[in-house]
Engineer: 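The structure follows.
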Amino acid sequence: MSHITLTSRGKVVVATMAAVAAMGVTACQGSEPKPEGKAPVSAASQASQDGQDAQGRQDGDATGSAGGEEIGSKAGSAGSGRCESSSMGLRVGRADIGAGNIRYSLVFTNKGRSACTLNGFPGASLLARDGQTIGKPAEREGAKGKPVTVPAGGSAHAVLHTINDGLSDKPCWKSASLVQAYPPGSKEAMTARVSSGLRVCGDEFTVTAVEPGAGA
């Protein structure tokens, strides 16, 4: 501890030392490193920011994209789905006879509330009144064709084909009372009555791909 004299020179020395000490304190304070990072945030402000971040993530999930395409748009552009047996009606049209050939329209009607699509060949078999299978399932005839969009309440059809008796040495099958059909791509069968009976002759029994409209 310094000895302070009560002289004018001593007072000057003390004052000078005090000034130097003050400058040292100021210099030390100015050289202290400032903490990095953001300024302190209140609890309320942080909660608000967290809520905005969470909402942003939810919005991103709802309108996000996969491969540059928006998920919402992709779902909307999927269009009509495949027609299911549970929402379809089935009927067999009248026989169309000509040049030794007999054809029947196998008509699928959309009973659902929205459009659906049929694409390709249906499966078709003949049944007796008691449900017993007659002959063999229809073979495919012609090209697959294009997908057919069936609006609600609308119809599409395929064509069943056989030939007249006497055009082949092969015998005719027993007359069928029912037609069992599977819409293209479906594993659930549908059944329709044949009002005038349907008899296959010459082992000629085929079905075409589905076409727009109810046919003949």
Engineer: Can you tell me how far CZ of Phe205 sits from CD1 of Ile163, rounded to the nearest 0.5 angstrom?
Structural biologist: 13.0 Å

Engineer: Which pair of heavy atoms, one from Ala95 and one from Tyr104, lies closest together, and at what distance?
Structural biologist: CB-CE2, 3.5 Å

Engineer: Side chains of Arg199 and Leu126, heavy atoms from C-beta outward: is any pair under 4.5 Å?
Structural biologist: no

Engineer: Are Val200 and Val179 linked, directly or through other ILVMFWY residues, by side chains that come within less than 4.5 angstrom of each other?
Structural biologist: yes

Engineer: Is it the case that one hydrophobic cluster holds both Val194 and Leu106, taking links as side-chain heavy atoms less than 4.5 Å apart, direct or via other members?
Structural biologist: yes

Engineer: Going from OG1 on Thr117 to CG on Asn110, what distance comes out if it is rounded to the nearest 0.5 angstrom?
Structural biologist: 9.5 Å

Engineer: Taking the side chain as every heavy atom from C-beta outward, state whether Ser186 and Met88 have any atom pair closer than 4.5 Å.
Structural biologist: no

Engineer: Are Val207 and Pro122 side-chain neighbours, meaning at least one heavy-atom pair lies under 4.5 Å?
Structural biologist: yes

Engineer: Using a 4.5 Å cut-off on heavy atoms from C-beta on, say whether the side chain of Phe121 contacts that of Glu139.
Structural biologist: no

Engineer: Nearest 0.5 Å, please: how far is OG in Ser155 from CD in Glu211?
Structural biologist: 13.5 Å

Engineer: Which heavy atom in His157 sits nearest to a heavy atom in Gly215, and how many Å separate them?
Structural biologist: ND1-N, 3.4 Å

Engineer: Ignoring hydrogens and angles, state whether a donor on the side chain of Glu188 or Ser85 is under 3.5 Å from an acceptor on the partner side chain.
Structural biologist: no

Engineer: Contact between Arg94 and Val92 at the side-chain level, heavy atoms closer than 4.5 Å - yes or no?
Structural biologist: no

Engineer: Using 0.5 Å steps for rounding, measure from the OG1 atom of Thr208 to the NE2 atom of His161.
Structural biologist: 11.0 Å

Engineer: When you compare the side chain of Val150 with that of Phe108, does any pair of heavy atoms fall below 4.5 Å?
Structural biologist: no

Engineer: Please find the pair of heavy atoms, one from Ile134 and one from Lys174, that lie closest to each other, and give the distance.
Structural biologist: CG2-O, 3.5 Å

Engineer: Please name the pair of heavy atoms, one in Lys111 and one in Gly89, separated by the smallest distance, quoted to 0.1 Å.
Structural biologist: CE-CA, 3.9 Å

Engineer: Quick check on the hydrophobic clustering: are Trp173 and Leu160 connected, directly or via other members, by side-chain heavy-atom contacts under 4.5 Å?
Structural biologist: yes

Engineer: Can you name the closest pair of heavy atoms from Leu178 and Ala128 and give their distance?
Structural biologist: CD1-O, 3.7 Å

Engineer: Would you say Glu204 and Leu167 make side-chain contact, with heavy atoms under 4.5 Å?
Structural biologist: no

Engineer: Give, for atom OG1 of Thr162 and atom CZ of Arg103, the distance between the pair rounded to the nearest 0.5 Å.
Structural biologist: 10.5 Å

Engineer: Counting C-beta onward and ignoring hydrogens, is there a side-chain heavy-atom pair between Thr191 and Leu90 closer than 4.5 Å?
Structural biologist: no

Engineer: What heavy-atom pair brings Thr149 and Ala115 nearest, and what distance separates the two atoms?
Structural biologist: CG2-CB, 4.0 Å

Engineer: Distance from Arg193 atom CZ to Leu198 atom CG, nearest 0.5 Å?
Structural biologist: 14.5 Å

